[in-house]
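Following this message is one structure expressed as structure tokens.
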Amino acid sequence: MKALIRGVWHSRVIDRDAYDRARSEQPEGLFRDWVSADPTARFPAAPGRYHLYVSYACPFAHRTILYRSLLGLEKVLPVSVLHPRWGGPGGWTFTPDPAFPEATVDHVGGHQALWQIYGKARGDYTGKVTVPLLWDRREETIVSDESADIMRMMDLGFAAFGESGRSFYPARLRDEIDALGGMIRRRVNGGVYRAGFAADQQAYDRALADFYAALDALEEQLADGRPYLLGKTATEADWLLFPTLVRLDAAYAGALKINARRLTDYPNLDRHTRRLYAWPGVAETVKLNHVKRHYYDDLGVTNPDIVPPGPATPFEAAA
């Protein structure tokens with residue numbers, strides 16, 4: 001694990017107890033503030049005030065890249081893009097590279113690594129360094145590093161500035177979106193990591209079974225022919241799901257050993273993913289070269305004691 005401990009960067013955390021103690025001394029809810037449409041709020045929405053740090057490799061950052069495009073916020077919310085390689089001593093870094101031309105420098109502070117931005121926001125910070133990250137230029141601090149919150153801020157807080165006029169969180173569906181989105185976040189988005197980072201075979205088997213059970217439920221939800229998870233309208237729930245499904249075969253099957261079934265084994269989810277991919281502005285956000293470079297980097301998830309089931313191949317079927 002790479003992390004900051006009381007403001008000092010550790011490319012490999014050796015003393016996990018020291019890390020946990022330092023985390024327990026930190027205020028709860030750090031970096032979970034909110035950009036609001038209310039001009040009197042501490043963080044009022046305003047064009048150019050905020051900056052988004054992202055990686056095309058990370059599914060959580062991908063959500064915010066999607067929303068920036070779908071909601072027409074490109075002129076309002078500028079971005080800096082991290083290099084997909086994470087396994088080096090600096091973790092997430094700003095490394096321009098001809099092989100990944102989307103990767104940029106830090107357009108705000110000129111930092112070399114993302115951990116330096118966390119350190120600037122709080123000099124004694126303890127924790128992991130993650131994307132996405134929403135930065136406030138005026139107060140020079142991190143507003144939030146929680147992707148689902150940033151999505152909601154972009155939809156609601158920045159609504160007056162988006163060029164698309166869309167919202168994926170309509171008032172009439174909010175209870176349903178919250179319920180379904182919560183399941184997707186816990187069991188699908190988080191499920192791949194619970195399986196991929198499992199410490200032993202039993203934990204892996206449980207996590208994998210729960211992940212596929214969640215996909216089974218979503219497959220059934222689409223069985224009536226509806227185009228989107230909650231009916232005829234694409235909502236936040238669809239976009240929470242999309243980044244995981246586009247990575248399923250390309251990265252998770254190999255790097256995280258999520259290989260019992262392919263996306264095509266779920267025909268309704270496969271069609272759903274392709275339908276979302278066809279939205280204007282979406283395909284440009286899917287950079288599978290970044291995804292593969294990242295997940296086949298040194299992520300520390302390869303446990304030789306865990307054996308994945310692999311896809312079932314009916315060799316006995318007639319040729």
4.5 Å side-chain heavy-atom contact, L276 and D238 | yes
Less than 3.5 Å apart, which donor and acceptor atoms pair up between the side chains of residues 107-114 and the rest of the protein, not counting sequence neighbours?
| unit_1 | atom_1 | unit_2 | atom_2 | d |
| --- | --- | --- | --- | --- |
| H111 | ND1 | D106 | OD2 | 2.8 |

Any chance you could measure L218, atom CG, to L222, atom CG, to the nearest 0.5 Å?
-> 7.0 Å
Kindly compute the distance separating CD1 (I117) from CD (E140), expressed to the nearest 0.5 Å.
-> 11.5 Å
Ignoring hydrogens and angles, state whether a donor on the side chain of D145 or Y118 is under 3.5 Å from an acceptor on the partner side chain.
-> yes
Scanning both residues in full, the closest heavy-atom pair of N268 with A223 reads ND2-CA, 3.6 Å
Output yes when a side-chain donor or acceptor of T235 lies under 3.5 Å from a complementary backbone atom of I177, and no otherwise.
-> no
D136/R138 ion pair, N-O < 4.0 Å | no
Would R16 and D20 count as a side chain to side chain contact (heavy atoms under 4.5 Å, CB included) if you check the C-alpha gap in whole Å, the side-chain angles of each, and the deciding distance to 0.1 Å?
-> CA-CA 6 Å; R16 186 60 185 259; D20 291 339; 3.4 Å; yes
Might you work through the side chain to side chain donor-acceptor pair (under 3.5 Å) test for D155 and S167, ending with a clear yes or no?
-> CA-CA 6 Å; D155 194 313; S167 173; 2.7 Å; yes
Could you tell me whether D224 atom CG has more than 12 heavy atoms of other residues or ligands within 6.0 Å of it?
-> yes
hydrophobic_cluster_shared for V129 and I5, side chain cutoff 4.5 Å | no
Between the CD atom in E176 and the CG atom in L229, the distance rounded to the nearest 0.5 Å is 11.0 Å
Measure the shortest side-chain to side-chain distance between D149 and M153 over non-hydrogen atoms and say whether it is less than 4.5 angstrom.
-> yes
Under 4.5 Å between side-chain heavy atoms, hopping through other hydrophobics if needed: is there a path connecting F100 to L52?
-> no
Short question: side chain of Y204, backbone of K257 - any donor-acceptor pair under 3.5 Å?
-> yes
Do R174 and D178 meet the salt-bridge criterion of a basic N to acidic O distance under 4.0 Å?
-> no
Are a donor atom and an acceptor atom from the side chains of Y169 and R152 found within less than 3.5 Å of each other?
-> yes
Can you tell me if D38 and T40 form a side-chain donor-acceptor pair at under 3.5 Å?
-> yes
Can you tell me if CD on Q202 sees more than 12 non-hydrogen neighbours from other groups inside 6.0 Å?
-> no
The residue among F242, Y228, Y67 that forms ring-ring contact (aromatic ring centres under 6.0 Å, His included) with F168 is Y67
Exam field: side chain S36 to backbone A41, donor-acceptor pair closer than 3.5 Å | no
Any side-chain heavy-atom pair of C58 and R247 under 4.5 Å = no
Please report the shortest heavy-atom distance between I258 and G196, naming the atom on each side.
-> CD1-N, 4.4 Å
Any donor-acceptor pair under 3.5 Å from R275 side chain to A278 backbone | no
Between the side chain of T126 and the main-chain N/O of R6, is any donor-acceptor distance below 3.5 Å?
-> yes
Determine the minimum heavy-atom distance between A57 and H294, stating which atoms define it.
-> CB-CB, 3.4 Å
Establish, yes or no, whether the cationic atom of R261 lies under 6.0 Å from the six-membered ring centre of Y212 and within 45° of the ring axis.
-> yes
Say you draw a straight line from CD1 of I65 to CG of L77; how long is it, rounded to the nearest 0.5 Å?
-> 11.0 Å
How close do V188 and A214 get, heavy atom to heavy atom, and via which atoms?
-> CG2-CB, 3.8 Å
Between R68 and V54, is a side chain to side chain contact (heavy atoms under 4.5 Å, CB included) present by the stated rule, with each step listed?
-> CA-CA 11 Å; R68 180 175 177 266; V54 297; over 6 Å; no
Quick one: are N189 and P59 in side-chain contact, heavy atoms under 4.5 Å?
-> no
Correct closest heavy-atom pair for R49 and P44 would be NH1-CD, 3.4 Å
Are side-chain heavy atoms of D265 and L263 found at a separation under 4.5 Å?
-> no
Side-chain donor-acceptor pair present, H51, S80, cut-off under 3.5 Å | yes
Could you tell me whether R185 and E146 have a side-chain N and a carboxylate O separated by less than 4.0 Å?
-> yes
Distance only, no hydrogens: is a donor on one side chain within 3.5 Å (strictly under) of an acceptor on the other, for T285 and H62?
-> yes
Do the charged groups of R21 and D17 touch, with an N to O distance under 4.0 Å?
-> no
Less than 4.0 Å between a side-chain N and a carboxylate O, is that true for R85 and D297?
-> yes
Distance from L4 atom CG to D124 atom CG, nearest 0.5 Å?
-> 10.5 Å
Do the charged groups of K75 and E163 touch, with an N to O distance under 4.0 Å?
-> yes
For the residue pair Y50 and A45, what are the closest heavy atoms and their distance?
-> CE1-CA, 4.2 Å
Sort out for me which residue in W115, W135, F94 forms a ring-ring contact (aromatic ring centres under 6.0 Å, His included) with Y53.
-> F94
Is there a side chain to side chain contact (heavy atoms under 4.5 Å, CB included) between E284 and S69 once you walk through the steps?
-> CA-CA 9 Å; E284 294 87 339; S69 176; over 6 Å; no
Would you say the side-chain atoms of R63 pair up with the backbone N or O of M151, donor to acceptor, closer than 3.5 Å?
-> no
Determine, using ring centers only, whether Y125 and F31 are less than 6.0 Å apart.
-> yes
pair D210-R194: side-chain heavy atoms closer than 4.5 Å = yes
Could you walk me through whether Y266 and D216 pass side chain to side chain donor-acceptor pair (under 3.5 Å), step by step?
-> CA-CA 8 Å; Y266 291 94; D216 290 342; 3.1 Å; yes
In terms of hydrophobic clusters joined by side-chain contacts under 4.5 Å, are F60 and V291 together?
-> yes
Side-chain H-bond candidate by donor/acceptor type, D33 with S144, under 3.5 Å = no
W239 and L70, any side-chain heavy atoms less than 4.5 Å apart = yes
ILVMFWY cluster, L288 and L256 together (side-chain gap under 4.5 Å) = yes
Working to the nearest 0.5 Å, report the span between CZ of F158 and CD1 of I150.
-> 10.0 Å
Kindly check if the number of other-residue, nucleotide or ligand heavy atoms within 6.0 Å of CZ (R226) is above 12?
-> yes
Should R262 and D249 count as an ion pair when the cut-off is N to O under 4.0 Å?
-> no
pair P96-T104: side-chain heavy atoms closer than 4.5 Å | no
Chi angles and distances behind the side chain to side chain contact (heavy atoms under 4.5 Å, CB included) call for V131, T64 = CA-CA 10 Å; V131 284; T64 62; over 6 Å; no
Flag this pair as yes if the NZ/CZ of K2 is under 6.0 angstrom from the six-membered ring centre of W86 and inside a 45 degree cone about the axis; otherwise no.
-> yes
